[in-house]
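Proteins get letters first, then strands, A, B, ... in listed order; numbering begins at 1 in each. The figures that follow rest on heavy atoms only: side chains count, while hydrogens, waters and symmetry mates do not.
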2 protein chains.
Amino acid sequence: MSEKLTIGKLALATGTKVETIRYYEQIGLLPAPARSAGNYRTYEGEHLRRLSFIRRSRDLGFSIDQVRELMGLADRREQSCMAVDVIAKQHRNAITRKIADLTALAAELDTLIDSCSRNTMADCRILEALAPGAFEPAA
Amino acid sequence: MSEKLTIGKLALATGTKVETIRYYEQIGLLPAPARSAGNYRTYEGEHLRRLSFIRRSRDLGFSIDQVRELMGLADRREQSCMAVDVIAKQHRNAITRKIADLTALAAELDTLIDSCSRNTMADCRILEALAPGAFEPAA
DNA sequence: CTTGACCCTCTAGCGACTAGAGGGTGCATA
DNA sequence: TATGCACCCTCTAGTCGCTAGAGGGTCAAG
């Protein structure tokens with residue numbers, strides 16, 4: 001088992017960019033690791049586990065603040081995980097809303113696009129639809 | 001017909017914030033209007049039309065750059081509006097992709113949430129699922 | 001003449017990175 | 001041993017589309 005990792009190895013192992021790892025350290029999401037003689041960051045297995053958790057949570061769309069909360073909760077081993085459930089459900093609801101918004105948008109755009117007769121700008125239905133009250137060109 | 005508008009009136013008429021209008025001017029999206037004796041911006045009907053166009057496009061999710069392109073195209077009255085169609089369809093496709101991504105995400109989250117037995121953190125399925133390889137707490 | 005709503009410019013902040021300048025380190029190879 | 005190259009370091013600024021605030025000036029009503 002390789003326990004010590006450079007930032008590049010950690011990046012490779014977790015599919016994160018080096019700059020992003022440094023950024024997570026800067027905002028206090030990932031604890032600062034020990035440094036080598038040449039001032040290189042030296043990561044341990046624990047960092048790998050934490051960063052993997054962060055990556056997976058971010059991939060699932062949780063915000064940085066939510067990830068922070070989730071990690072804080074995870075460290076309280078004996079407490080109820082209801083709070084975790086709450087965060088996950090809030091996030092799920094936010095996504096449901098976003099899908100609804102985008103679906104409505106898509107429908108509006110479809111109406112717009114269907115109306116295009118592919119003639120000149122002057123009688124373009126798309127541009128007309130975008131102008132709520134007869135758009136006049138400059139000059 | 002009221003032809004002259006202060007920035008506040010224009011904001012009210014278009015449902016845009018005053019700061020946003022100034023921002024649009026700054027980035028060259030909305031042309032800078034004439035100034036009054038007291039250095040107030042003085043908008044005309046043309047500004048109202050352009051800003052309405054911008055608002056509507058933005059509400060439909062077009063990026064600032066896309067709006068810029070659309071407005072540029074709209075001013076070429078005699079040319080084909082095929083280019084407009086292309087932009088609209090690109091945008092429509094981007095939204096389709098976003099909806100697909102979010103739907104996949106929602107499904108993953110649902111699996112996660114269903115697995116929660118609402119016990120302690122130590123055996124929380126959500127946290128387990130987030131840790132791709134047994135998450136160990138700090139300390 | 002004062003109050004208060006409006007307007008002005010300029011700057012910094014949001015979230016979550018990303019990119020670049022300008023340098024130092026570490027290791028393999030000629 | 002020199003050199004080349006990949007990797008690492010810090011610091012700063014940029015991305016997108018606004019939003020918010022400081023610190024002022026203008027204008028119309030009472």
Side-chain angles (χ1 to χ4, degrees), chain A residues 2 4-30 32-44 47 50-51 53-71 87 90-91 94-95 98 101 105, chain B residues 2 4-30 32-43 47 50-51 53-71 90-91 94-95 98 101 105:
Chain A
S2 63
K4 307 282 188 189
L5 296 166
T6 64
I7 197 168
K9 296 273 160 58
L10 183 62
L12 208 64
T14 57
T16 315
K17 292 196 178 178
V18 166
E19 293 83 4
T20 305
I21 296 177
R22 284 197 282 249
Y23 168 72
Y24 286 161
E25 180 183 324
Q26 192 194 300
I27 63 168
L29 193 57
L30 193 64
R35 296 297 180 113
S36 73
N39 200 30
Y40 283 24
R41 286 172 180 82
T42 313
Y43 294 97
E44 321 260 341
H47 288 105
R50 292 215 161 226
L51 183 53
F53 184 99
I54 293 167
R55 280 294 308 167
R56 176 94 179 106
S57 305
R58 293 286 303 125
D59 283 349
L60 286 171
F62 288 100
S63 72
I64 295 275
D65 271 356
Q66 284 175 325
V67 176
R68 222 187 280 274
E69 256 190 287
L70 287 172
M71 298 219 306
I87 294 174
Q90 274 173 1
H91 181 44
I95 287 174
K98 262 183 210 161
D101 287 352
L105 212 60
Chain B
S2 63
K4 308 281 188 191
L5 294 167
T6 63
I7 196 169
K9 297 273 159 59
L10 183 62
L12 208 65
T14 57
T16 315
K17 291 198 178 178
V18 166
E19 292 83 5
T20 305
I21 296 176
R22 284 197 282 248
Y23 168 72
Y24 286 160
E25 180 182 325
Q26 191 195 303
I27 62 169
L29 192 58
L30 193 65
R35 296 296 181 114
S36 73
N39 200 31
Y40 282 21
R41 286 171 179 84
T42 313
Y43 294 97
H47 288 105
R50 291 214 163 229
L51 183 53
F53 185 97
I54 294 167
R55 281 292 307 166
R56 176 96 180 104
S57 304
R58 293 286 303 125
D59 282 349
L60 284 171
F62 288 101
S63 73
I64 295 275
D65 271 356
Q66 284 175 324
V67 176
R68 221 187 281 274
E69 255 190 287
L70 287 172
M71 297 218 307
Q90 273 173 1
H91 181 45
I95 287 175
K98 264 184 209 162
D101 287 352
L105 211 60

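What separates CG of B:L5 from C1' of C:dC6 is a distance of 15 Å, to the nearest Å. Straight-line distance from the OH atom of A:Y24 to the C1' atom of C:dT18: 12 Å, rounded to whole Å. A:L51 has its CG atom 11 Å from the P atom of C:dC17, to the nearest Å. Between the CG atom of B:L29 and the P atom of D:dC16 there is a distance of 13 Å, rounded to whole Å. Spacing between atom CD of B:E19 and atom C1' of D:dG17 amounts to 13 Å, rounded to whole angstrom units. Spacing between atom CD1 of A:I21 and atom P of C:dC17 amounts to 12 Å, rounded to whole angstrom units. One can place CD of B:Q26 at 11 Å from P of C:dT11, the figure rounded to the nearest angstrom. Residue A:E25 contributes atom CD, which lies 17 Å from atom P of C:dT18 at whole-angstrom precision.
By the 4.5 Å heavy-atom criterion applied to side chains, A:L5 and A:E44 are not counted as neighbours.
Taking the ring-ring contact (aromatic ring centres under 6.0 Å, His included) definition, one finds that B:F62 meets it with B:H91, sequence neighbours left out. For A:R22, there are no salt bridge (charged side-chain N to carboxylate O under 4.0 Å, His left out) partners, not counting sequence neighbours. Every residue meeting the side chain to side chain donor-acceptor pair (under 3.5 Å) condition with B:R41, not counting sequence neighbours, appears here in chain and number order: B:E25. Every residue meeting the side chain to side chain donor-acceptor pair (under 3.5 Å) condition with A:N39, not counting sequence neighbours, appears here in chain and number order: A:R35. B:E69 pairs by the side chain to side chain donor-acceptor pair (under 3.5 Å) definition with nothing, not counting sequence neighbours. The side chain to side chain donor-acceptor pair (under 3.5 Å) search around A:D101 returns none, not counting sequence neighbours.
Of the two residues contacting DNA chain D, namely B:S63 and B:S36, the nearest-nucleotide position lying further toward the 5' end is that of B:S63.
Proximity of A:T20 to the phosphate of C:dT18: a side-chain N or O atom is located under 4.0 Å from OP1 or OP2. Checking the phosphate oxygens (OP1, OP2) of C:dA16, no side-chain nitrogen or oxygen of A:K17 falls inside 4.0 Å.
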Report task. Can you check each nucleotide of nucleotides 4-9 of chain D against protein heavy atoms at under 4.0 Å and return B for base, S for sugar-phosphate only, - for none, in 5' to 3' order? Result -> ---BSS
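The pair A:D65-A:R68 meets the salt-bridge criterion, with a side-chain N (NZ, NE, NH1 or NH2) lying under 4.0 Å from an Asp/Glu carboxylate O.
Comparing D:dG17, C:dT18, C:dC17 by their nearest atom to the side chain of B:R58 picks out D:dG17.
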Dump every N/O contact between nucleotides 27-29 of chain C and the protein below 3.5 Å, one line per pair.
none

Side-chain donor-acceptor pairs of residues 8-21 of chain B under 3.5 Å, sequence neighbours excluded:
| unit_1 | atom_1 | unit_2 | atom_2 | d |
| --- | --- | --- | --- | --- |
| B:T14 | OG1 | B:L10 | O | 2.8 |
| B:T14 | OG1 | B:T16 | OG1 | 2.8 |

